[in-house]
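In what follows, a single structure is set out as structure tokens and then discussed.
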Amino acid sequence: MPPDSGTDAASAPLRDPGLPSKTHQRTRSDHASEVAEDYVEAIADAIAQRGVCRAVDLVNQFAVTHATVNNTIGRLQRDGLVQTEPYQPIELTAKGKRLATQSRKRHEIVEAFLRRLGVSEQTAAADTEGIEHHVSKETLAAMKRVLTKGWPE
């Protein structure tokens with residue numbers, strides 16, 4: 001900081017470390033829903049491609065153990081997103097289908113926007129997996145505007 005800036009770093013107000021900022025709260029909330037969104041999207045894709053989704057499909061998709069998939073499916077079932085019985089296919093509830101549709105749309109917009117920026121297909125696909133869970137409604141709407149109307153002048 002320049003010596004005559006009029007602001008002393010030592011006198012700058014500090015955020016109470018005991019209170020998380022709204023940005024951090026939103027990020028933690030986004031992380032909490034990230035797995036659910038990825039799973040319902042993968043379940044919807046498996047059902048669309050093969051007619052059913054089984055735990056092994058998710059094991060292969062996410063490269064995780066059966067125990068991880070079973071635990072996650074249990075949480076999704078508790079949250080009303082999926083229905084299943086032991087050794088039976090996994091089905092999305094109406095709530096799960098809505099979340100899968102929203103997640104898919106958000107994913108498509110983010111990936112298309114990155115491609116419009118000139119990002120390679122492989123990089124855009126990888127980056128989308130992280131960005132899609134953290135993009136705000138405002139930013140997503142701006143991305144969609146660029147895709148439909150072009151860059152603002």
Side-chain angles (χ1 to χ4, degrees), residues 1 5-7 9 12-64 68-84 89-153:
M1 194 175 304
S5 68
T7 305
L14 295 175
R15 186 178 54 79
D16 180 348
L19 298 174
S21 71
K22 288 185 182 201
T23 301
H24 289 98
Q25 286 173 332
R26 187 179 128 212
T27 300
R28 277 193 288 285
S29 174
D30 292 345
H31 280 300
S33 64
E34 191 170 336
V35 171
E37 291 172 358
D38 282 343
Y39 269 70
V40 297
E41 196 174 341
I43 293 165
D45 289 346
I47 293 169
Q49 292 169 7
R50 293 182 288 286
V52 296
C53 180
R54 299 195 178 275
V56 69
D57 298 325
L58 301 173
V59 166
N60 294 332
Q61 168 85 22
F62 296 114
V64 297
T68 297
V69 167
N70 290 339
N71 289 337
T72 303
I73 293 301
R75 284 193 300 278
L76 296 177
Q77 204 166 11
R78 178 199 68 206
D79 294 343
L81 297 169
V82 301
Q83 299 177 145
T84 190
I90 302 161
E91 298 176 4
L92 292 171
T93 63
K95 181 178 175 183
K97 288 176 185 176
R98 280 192 303 275
L99 181 59
T101 299
Q102 291 167 350
S103 296
R104 172 59 56 209
K105 285 179 183 176
R106 193 171 55 241
H107 181 110
E108 290 170 354
I109 291 168
V110 171
E111 189 166 10
F113 181 78
L114 292 176
R115 294 290 290 139
R116 174 73 59 94
L117 288 175
V119 176
S120 71
E121 187 175 339
Q122 184 177 2
T123 300
D127 288 351
T128 296
E129 289 304 324
I131 295 170
E132 70 176 309
H133 301 292
H134 301 282
V135 66
S136 69
K137 287 180 182 179
E138 178 184 357
T139 300
L140 192 66
M143 289 175 168
K144 191 173 181 178
R145 272 194 311 277
V146 166
L147 292 169
T148 58
K149 297 179 181 177
W151 294 98
E153 300 200 20

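In this text, all values refer to a predicted model and were calculated from it rather than measured experimentally. Starting from 1, each residue takes its place in the sequence as its number.
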| said: So if I apply the side chain to side chain contact (heavy atoms under 4.5 Å, CB included) rule between Thr84 and each of Ile73, Asn70, Ile43, which one comes out positive? | reply: Ile73
| field | Pair Ile131-Leu114, side chain to side chain contact (heavy atoms under 4.5 Å, CB included): steps then yes or no | value | CA-CA 10 Å; Ile131 295 170; Leu114 292 176; 4.0 Å; yes
State, to 0.1 Å, how close [X] and [Y] come at their nearest heavy-atom pair, and which atoms those are.
{"X": "Arg116", "Y": "Gly150", "result": "NH1-CA, 4.4 Å"}
{"X": "Leu92", "Y": "Val82", "result": "CD2-CG1, 3.9 Å"}
{"X": "Gly80", "Y": "Lys95", "result": "O-CB, 3.6 Å"}
{"X": "Ala42", "Y": "Leu58", "result": "CB-CD2, 3.9 Å"}
{"X": "Arg54", "Y": "Ile90", "result": "C-CD1, 4.0 Å"}
{"X": "Asp38", "Y": "His133", "result": "OD1-NE2, 2.8 Å"}

| said: Let's go through Leu140 and Lys137 carefully: what are the C-alpha distance in whole Å and the side-chain angles of both, what is the deciding distance for side chain to side chain contact (heavy atoms under 4.5 Å, CB included) to 0.1 Å, and is it a yes or a no? | reply: CA-CA 5 Å; Leu140 192 66; Lys137 287 180 182 179; 5.6 Å; no
Give, for atom [atom1] of [X] and atom [atom2] of [Y], the distance between the pair rounded to the nearest 0.5 Å.
{"X": "Arg145", "Y": "Ile109", "atom1": "CZ", "atom2": "CD1", "answer": "11.5 Å"}
{"X": "Arg115", "Y": "Asp127", "atom1": "CZ", "atom2": "CG", "answer": "12.0 Å"}
{"X": "Glu108", "Y": "Met143", "atom1": "CD", "atom2": "CE", "answer": "14.0 Å"}

| Please walk me through it: do Phe113 and Val146 pass side chain to side chain contact (heavy atoms under 4.5 Å, CB included)? | CA-CA 8 Å; Phe113 181 78; Val146 166; 3.9 Å; yes
| remark: Test salt bridge (charged side-chain N to carboxylate O under 4.0 Å, His left out), reference Arg104, set Glu132, Glu41, Glu111, output is Glu41
| task | Decide yes or no on side chain to side chain contact (heavy atoms under 4.5 Å, CB included) for Gln102 and Leu99, but give the supporting numbers first. | result | CA-CA 5 Å; Gln102 291 167 350; Leu99 181 59; 4.0 Å; yes
| task | Could you tell me whether the side chain of Arg75 reaches within less than 4.5 Å of the side chain of Thr72, counting heavy atoms only? | result | yes
